[in-house]
Amino acid sequence: MRPAVERRGRIAAPGIAAGPVVRLDRPEAGRRNPSGDPARERADLEAAIATAIEAIAGLAAGLEGDAADILDFQIAMLEDDSLSSGAFAAIASGGDAVTAWSDAIAVQIADYEATADEYFRARAADLADIRDRVLRALTQAGDDATPPGAVLAGEDVTPSRFLSVDWAAGGGLALFAGSPSSHVAMLARSRGVPMVVGIGTIAVGDGDVAIVDGETGRIILNPGEADWAAYETARKQAAARAAREESVLRLPAVTGDGVAIRMMINVAEPEELDALDPAICDGIGLVRTEFLFHRPAGLPDEETQLRAYARIVEWADGRPVVLRTLDAGGDKPVAGLTHDDESNPFLGTRGIRLSLVHPDVFMVQLRAMARAAALGDVKVMLPMVTVPAEIEAAAALLDQAVADLTSEGAACRRPALGIMVEVPAVAIEPALYARADFFSIGSNDLTQYVTASARDTAAVSALNDAGHPAVASLIRNVVEAGAELGRDVSLCGDMASDPAHIPALVAAGMRTLSVAPALVGRAKLAIAETVAGSS
Ligand code: PEP
Ligand code: MG
């Protein structure tokens with residue numbers, strides 16, 4: 001029996017799961033004996049590609065936004081002859097299907113990795129996914145070698161790999177590196193998949209079993225008897241807590257001493273809302289509109305954007321909806337728009353900076369938002385504001401959009417225009433930004449800029465701590481300035497989703513929190529256990 005190994009990491013998504021370990025960095029292909037017959041090799045590869053396309057199309061069905069785009073990209077690549085032609089040529093000259101496919105796609109991956117464009121570099125991981133999917137089909141290892149309830153372990157995981165797993169059967173993620181603020185972490189939280197990151201490299205292999213404890217941030221590899229007993233207890237506690245969360249999910253969020261907290265949700269993809277009851281929240285505190293900008297079809301036009309916003313506004317059913325303008329750049333590149341030659345993208349042309357460099361693109365978004373504002377209680381929020389002039393510039397464009405739409409006879413409304421408080425300059429001197437109609441603290445970026453530790457770098461993840469007193473002090477500063485200026489202040493960073501931070505946020509005077517949909521019940525329970533006192 002293998003000895004138990006325990007590793008501590010950071011919680012990226014809560015919950016507890018146990019299952020067989022599947023390595024993320026191996027194709028998990030089985031073996032295949034070459035037939036020696038080129039026609040047979042070609043037919044087998046064609047069949048494997050078709051199987052892969054079918055499987056991905058099955059996963060993509062019913063999905064929209066980022067998730068669907070990632071899978072659509074994979075299907076488009078598999079259908080593109082230029083990907084497979086190298087493999088078929090190698091087979092024609094006597095190669096076997098497995099080697100021919102692996103070699104041909106390796107060339108493509110190397111090309112993508114070598115490009116200067118960050119978007120295409122990120123797509124290299126998606127190509128590796130489809131390489132492995134075809135290899136699994138080719139070697140009869142099953143289309144998806146991830147058994148139900150498996151624990152995926154490895155350095156990091158791509159969104160496409162995450163989306164390729166059927167998490168309904170349980171399972172979790174144990175990442176050697178990774179970050180709680182990554183895109184996959186957001187997906188894991190919204191789908192309720194336990195995920196622990198930053199556990200450091202561990203040797204895992206076939207036959208290993210692991211417990212992912214997203215409640216305490218631990219991984220236990222090959223648990224012993226006592227570990228299993230503790231797992232059972234923790235699982236029961238997690239199930240009991242989930243039942244308690246469910247019982248408060250539709251109740252108003254109120255502290256133990258009766259202070260009401262407005263509970264909003266963060267939305268990164270509209271389809272997240274499909275399975276959600278609007279009664280669980282007081283509105284949508286943040287719509288990350290980046291999902292619209294990652295489509296292979298290019299930048300979204302006004303109608304496409306309006307459709308997406310209208311769907312969200314309709315779901316909200318009269319509750320407020322805060323649409324954030326595009327926050328591309330940093331860890332969110334958009335092909336053809338973001339500047340990929342910057343040495344430090346997090347300090348570069350991202351958020352409102354980028355939108356103001358591309359007023360044509362920005363205007364399309366502002367027009368769609370002004371039209372959506374005619375449909376419900378829509379507010380518009382600017383990301384990464386650093387100087388008041390950015391609010392002035394955006395307000396002028398928004399006014400122009402409303403004036404143009406009005407003269408065109410289109411239904412529209414001038415929405416309130418607020419800002420994210422995520423650059424320390426704003427958090428230190430919020431009164432300078434009184435031109436904004438409201439403030440929403442982005443604790444993810446505020447923490448990374450205050451602690452000078454990137455939100456997506458595992459090696460500095462312990463420093464990237466929203467609990468740092470300097471972050472708390474800035475939050476208090478913004479709440480006080482908001483009260484003096486008569487501006488609403490909310491917090492929509494992941495800090496609000498972490499029960500450990502809720503007492504400090506309430507003590508700082510924060511009365512509106514916006515959290516990942518899957519964490520609403522948890523946040524409401526934590527609020528109920530918090531005493532606001534005289535704050
Ligand atoms: C934040 O920075 O806290 C935030 C909510 O925005 P994002 O995570 O999308 O950068
Ligand atoms: Mg941010």
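The residues of the chain are indexed from 1 along the displayed sequence. Counting starts at 1 for both ligands and their atoms, in listed order.
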Between Arg455 and Thr447, is any side-chain donor less than 3.5 angstrom from a side-chain acceptor? no
So what's near the Mg ion (ligand 2), protein N, O or S atoms under 2.8 Å? Glu422 OE1, Asp445 OD2
In sequence, state the C-alpha distance, the side-chain angles, and the governing distance for Glu390 and Arg435, and then conclude on salt bridge (charged side-chain N to carboxylate O under 4.0 Å, His left out). CA-CA 10 Å; Glu390 290 163 331; Arg435 179 70 175 77; over 6 Å; no
For Ala431 and Leu485, work out which heavy atoms get closest and say how close. CA-CD1, 3.9 Å
Derivation of the side chain to side chain donor-acceptor pair (under 3.5 Å) call for Asp301 and Thr304: CA-CA 5 Å; Asp301 62 17; Thr304 304; 2.5 Å; yes
Distance-only polar pair, side chains of Asn477 and Glu480, donor-acceptor under 3.5 Å: no
Can a salt bridge be assigned to the pair Glu303 and Arg371 using a cut-off of 4.0 Å between side-chain N and carboxylate O? yes
Could you please provide the protein residues found below 4.0 Å of ligand 1 on a heavy-atom basis, arranged by chain and number? Leu286, Arg288, Arg324, Asp327, Lys332, Arg350, Met420, Glu422, Gly442, Ser443, Asn444, Asp445, Arg455, Cys492, Gly493
Let me see the working for Arg353 and Thr386 under side chain to side chain donor-acceptor pair (under 3.5 Å), right down to the final yes or no. CA-CA 9 Å; Arg353 305 170 185 184; Thr386 312; 2.9 Å; yes
Distance-only donor-acceptor check, side chains Ser453 and Gln448, under 3.5 Å: no
Taking atom types as modelled, is there a side-chain donor on Thr216 or Asp213 under 3.5 Å from an acceptor on the other? yes
